[in-house]
Amino acid sequence: MALEAGRISRFQVIMLMVGFIFGTSVIVSPARSAGHDAWIANLIGIMEALLIAGVFCALANQFKDKTLVEINDLVYGRILGKAFSLIFIWYLFHLSALVLTVFSRFFVTEIYLATPKTVILIVFIAVCASTVGRGLEVLARCSMVLISLCILVIINDAFLAIPTMDIKNLLPIVDIPVEKLLWAAHSAATFPFAETVAFTMIFAFMNNHKGRYAPLAMAILIAGLTLTLAVARNSLVLGSMESAFEYPTYLAIQMIDIGDTLSRLEVVVAIFFIFSGFIKVSVLLYGTVLGLAQVFKLRSYRPVIIPVGILMIILALTNVGSSTELYAFVNNEFPIYSLPWVFGIPLLTLIVAKLRKLPQTGGDQL
Amino acid sequence: MKKKKQLRMFAVAMLLTSLSAFISGCWDSHDLNKSAITAGIGFDIDPKTGEHLITYQTIIPSKVKSSSAGSSDEQTGGGIAPAVNLDHLKGTTWLEALGNYGTQENRSVFFSHNQLDIMGKEVAKQGVYPVIEHAARITQSRPNNLLLIAQDKASDIMAARDGMDVIPAIGIANEVKQSAEFSKFPAVTRLEFANRLMSKTTAPILPIIGIFEETAPEGKTFNKVRIKGTAVFKWDKMVGELNEQESRGLLWVTNKIKKGFVVIDAPDGSGKASLTITQAKSKIIPQLTDGKITINVVIEEQGDLIEYKGSKDMDVILLKQFEERQDEAIQNEVMAALNKSLALNADVFGFGEAVHRKYKKEWQDISSRWDEIYLDIEVAIQVKTHINETGDISKAIIPQ
Amino acid sequence: MIALLLLGFGIVALIQIPGLVKKQWWWELIIFTILWLSGLILSVLLVLGVKFPETTTIIGNMVSKLFGI
């Protein structure tokens with residue numbers, strides 16, 4: 001019995017990836033360390049991410065209908081392959097816990113002031129778990145609807161904020177030393193763009209067998225440009241306070257006040273944050289349980305969804321002591337920590353695969 | 001099969017019921033009649049005892065009827081009975097005062113609809129940063145709240161009932177916005193003030209509000225709340241004040257003129273003439289040559305003539321003379337502002353940031369010495385005005 | 001609080017285990033039980049107030065030391 005019988009179309013994959021990239025980046029803007037030049041850092045980060053994505057897409061293209069876990073098994077043999085796969089599954093699991101941490105802290109700080117984080121996390125995971133349990137097709141269809149709305153809302157908010165913008169806030173251009181700008185660009189590339197390496201678990205289920213790079217590049221461009229617009233809007237509206245605020249998007253939208261009628265829109269935007277977080281956590285949860293099912297040769301991934309979800313909640317509650325540590329990690333160490341998974345290991349696997357001339361047509365692996 | 005279906009329906013019903021508990025928000029439900037919604041907060045420090053006093057107006061929702069100000073029932077304060085409660089909190093620091101909230105209120109305070117923060121004169125003298133910083137951290141406060149400095153004590157302003165609105169704080173907030181709309185005094189939001197605080201060279205400003213006694217024609221005295229000046233800060237301490245003319249000059253330079261009037265002496269000696277401003281734009285162009293900074297302020301304005309007591313017909317030469325007078329009038333206002341700003345050594349116009357935007361390499365050095373440099377800069381003001389319309393009439397209404 | 005937790009885990013087990021037993025998926029049942037038990041033990045420890053190692057902070061410190069930022 002196949003673990004996943006669903007097939008998704010190109011458009012659905014693109015929307016899924018855009019939603020995944022939006023994830024937490026609509027709340028915690030990428031490339032914050034660049035101050036008001038964050039939009040430039042973002043654009044550079046997009047280009048870097050396109051290069052990184054080329055590597056793991058080449059790997060996915062080499063083995064058209066196999067998920068990363070299966071690829072690892074083929075390339076490295078059973079034991080070493082499972083080791084690599086387990087480390088990758090840890091990456092997805094930890095990333096999901098990070099996303100949940102950011103989410104729960106944002107909602108508890110800004111909106112649900114008294115609700116315990118645990119409750120928010122439980123409800124969130126319950127929805128993600130039930131979606132993943134119904135299969136990839138359901139998830140893809142959800143993302144089609146939700147994320148198209150999300151993109152429109154983000155672009156719309158940028159336009160609504162125009163009366164409160166001041167173009168002088170973007171000047172002078174490149175005010176910070178170039179190394180800082182490049183570091184910010186690199187941190188934007190790894191969070192959120194290069195995290196799409198998670199899709200190596202999903203590419204196997206696309207229903208056409210053309211290249212995997214085109215949809216990914218398109219998704220990175222769509223999401224990247226929308227995020228750059230949002231980041232530029234934050235700098236334009238908030239000025240130098242943008243670097244002081246912890247959640248600049250939320251506060252920039254609080255400034256929108258058109259004719260005393262269209263105001264207090266930030267709650268609408270918070271709802272769309274929930275959508276994008278839902279897609280990201282669901283994709284990561286799906287990758288984790290599918291990976292576990294393939295590593296342990298289970299007949300279905302459905303039994304493990306809820307326990308893995310609970311473990312994610314526990315990790316999300318305990319993995320940082322305070323928001324300060326969390327954002328210090330995201331800005332300083334995460335760009336380096338994620339490099340092996342998004343770039344190093346896929347490159348290694350690609351080289352070994354090419355050396356061993358895999359996949360072979362007919363015949364067993366060595 | 002039937003039993004399984006029944007079980008399933010039961011489970012779904014249980015799920016929906018338990019979900020409704022989540023959706024209504026158990027922990028975070030705010031009941032309207034259990035919340036004290038503040039409309040305005042005043043901060044005072046007693047200069048003698050150092051005691052911190054927080055005054056706030058909370059809205060009584062049941063008493064808010066239609067806010068038709070100036071209706072015919074004039075009472076002793078002038079106007080309608082206000083729909084707010086006034087309360088005070090005391091302590092030795094701001095947080096202690098806020099903490100005392102629990103001892104005297106039967107509702108939980110809700111800041112999200114707060115319109116204004118007013119800080120008293122003593123707070124401005126000692127430094128407003130503690131108030132600003134704490135407000136920035138609270139998530140209920142919004143960055144587009146208005147900030148004001150009280151002429152004397154904020155508690156007096158909070159207590160004033162001048163009949164403008166059922167909720168006095170909203171009335172004051174609207175008044176501040178009107179004064180900015182008619183280009184009298186700037187309206188400063190929390191975000192703008194914070195941005196000026198973060199700048200190394202720009203001096204923060206806030207409008208000053210005071211209570212004036214005015215006599216109505218019938219001889220009754222009213223207390224009216226009015227904005228009377230602009231406070232100038234050096235970082236967070238108030239160092240001086242701009243009067244009405246100087247505030248106008250400030251607005252001209254910082255491109256904040258919207259509507260308003262320019263009053264000039266008519267060129268044919270017929271008294272005062274007035275022009276209304278339809279459009280105004282200003283640009284600050286810095287120039288750095290050999291370590292000397294020159295700032296060019298270019299102001300362009302377009303207006304219409306609306307009051308002229310003389311007897312001449314409208315022709316181009318007369319209009320040109322009006323324009324020249326208008327240029328002069330605007331230039332005087334800007335010069336007044338500039339002189340005051342130099343006297344206080346406070347860069348209220350943002351000249352420093354203009355230099356920063358254009359000369360980012362030299363900025364590190366310049367910004368550290370800005371206090372000395374500012375007094376040496378040369379400012380050249382260029383005013384170009386144009387009169388478009390003269391209203392409905394083009395001849396004076398006199399016997400021809 | 002612990003009672004609520006046990007109730008929650010009990011419900012989870014109740015949803016999954018009968019289906020697995022009926023289909024005779026023993027291997028899946030074992031994996032499920034391992035994960036379920038670790039979840040149960042960890043959450044009980046969390047509720048009891050035992051201090052957990054802060055995973056992300058630890059990783060962050062390791063990365064900082066390795067690359068000397």
Side-chain angles (χ1 to χ4, degrees), chain A residues 1 90-91 93-95 97-98 100-102 116 118-119 122 125-126 129-130 133 183 288-289 292-293 295-322 324-340, chain C:
Chain A
M1 186 164 40
W90 158 255
Y91 174 70
F93 182 73
H94 182 227
L95 191 59
L98 276 178
L100 286 172
T101 316
V102 171
T118 318
V119 174
I122 293 179
I125 286 281
S130 86
W183 174 256
T288 310
V289 294
L292 280 176
V295 164
F296 292 112
K297 300 265 185 293
L298 300 178
R299 273 168 284 209
S300 157
Y301 57 75
R302 296 200 64 203
V304 280
I305 298 179
I306 300 185
V308 169
I310 296 179
L311 288 170
M312 265 185 201
I313 295 180
I314 298 178
L315 186 60
L317 286 173
T318 64
N319 68 347
V320 276
S322 61
T324 320
E325 289 168 23
L326 178 63
Y327 296 120
F329 177 75
V330 168
N331 284 324
N332 300 333
E333 282 100 27
F334 188 73
I336 302 184
Y337 164 75
S338 66
L339 270 181
Chain C
M1 195 41 78
I2 298 192
L4 208 64
L5 202 64
L6 291 175
L7 186 67
F9 273 88
I11 295 181
V12 169
L14 212 64
I15 301 177
Q16 292 286 7
I17 294 189
L20 289 178
V21 168
K22 210 164 33 160
K23 284 191 263 199
Q24 293 188 338
W25 284 7
W26 305 119
W27 179 227
E28 283 77 7
L29 187 60
I30 297 177
I31 300 284
F32 171 81
T33 315
I34 297 177
L35 289 171
W36 182 83
L37 263 173
S38 25
L40 181 62
I41 298 177
L42 286 174
S43 7
V44 168
L45 286 179
L46 193 60
V47 168
L48 287 177
V50 173
K51 201 81 165 57
F52 272 60
E54 289 170 10
T55 324
T56 304
T57 314
I58 295 176
I59 296 180
N61 291 337
M62 280 198 318
V63 171
S64 289
K65 284 208 194 76
L66 263 167
F67 293 93
I69 313 175

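Only this structure's heavy atoms are used, side chains among them; waters, hydrogens and symmetry mates stay out. Throughout, protein chains are lettered first and strands after them, A, B, ... in sequence-line order, and every chain is numbered starting at 1.
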Ranked by heavy-atom pairs below 4.5 Å to chain C, first place among A:Arg302, A:Lys297, A:His94 goes to A:His94

Of all of A:Leu326, A:Ile314, A:Val304, which one pairs up most often with chain C through heavy atoms under 4.5 Å apart?
A:Ile314

Using heavy-atom distances under 4.5 Å, tell me whether C:Leu42 contacts chain A through its side chain, its backbone, both, or neither.
both

Examine whether an atom of C:Glu28 lies under 4.5 Å from a heavy atom of chain A, and if so say whether it belongs to the side chain, the backbone or both; otherwise answer neither.
both

Please find the pair of heavy atoms, one from A:Thr101 and one from A:Ala97, that lie closest to each other, and give the distance.
OG1-O, 2.6 Å

Atom CG in C:Leu7, atom CD1 in C:Ile2: separation rounded to 0.5 Å?
13.5 Å

Answer with side chain, backbone, both or neither: which region of [X] has an atom nearer than 4.5 Å to a non-hydrogen atom of chain C?
X: A:Ile122; answer: neither
X: A:Leu98; answer: side chain
X: A:Phe329; answer: side chain
X: A:Leu315; answer: side chain
X: A:Leu298; answer: both

In terms of the angle between their ring planes, are C:Trp36 and C:Phe32 parallel, tilted or perpendicular, with boundaries placed at 30° and 60°?
parallel

Give the ring-plane orientation class for A:Tyr91 versus A:Phe334, where under 30° counts as parallel, over 60° as perpendicular and anything between as tilted.
parallel

Report yes or no: does C:Trp26 contribute a side-chain atom to a donor-acceptor pair with the main-chain N or O of C:Leu20 at less than 3.5 Å?
no

Step-by-step side chain to side chain donor-acceptor pair (under 3.5 Å) determination, C:Thr55 to A:Asn319
CA-CA 5 Å; C:Thr55 324; A:Asn319 68 347; 5.9 Å; no

Can you find a heavy atom in the side chain of A:Glu333 that is under 4.5 Å from one in the side chain of C:Ile59?
no

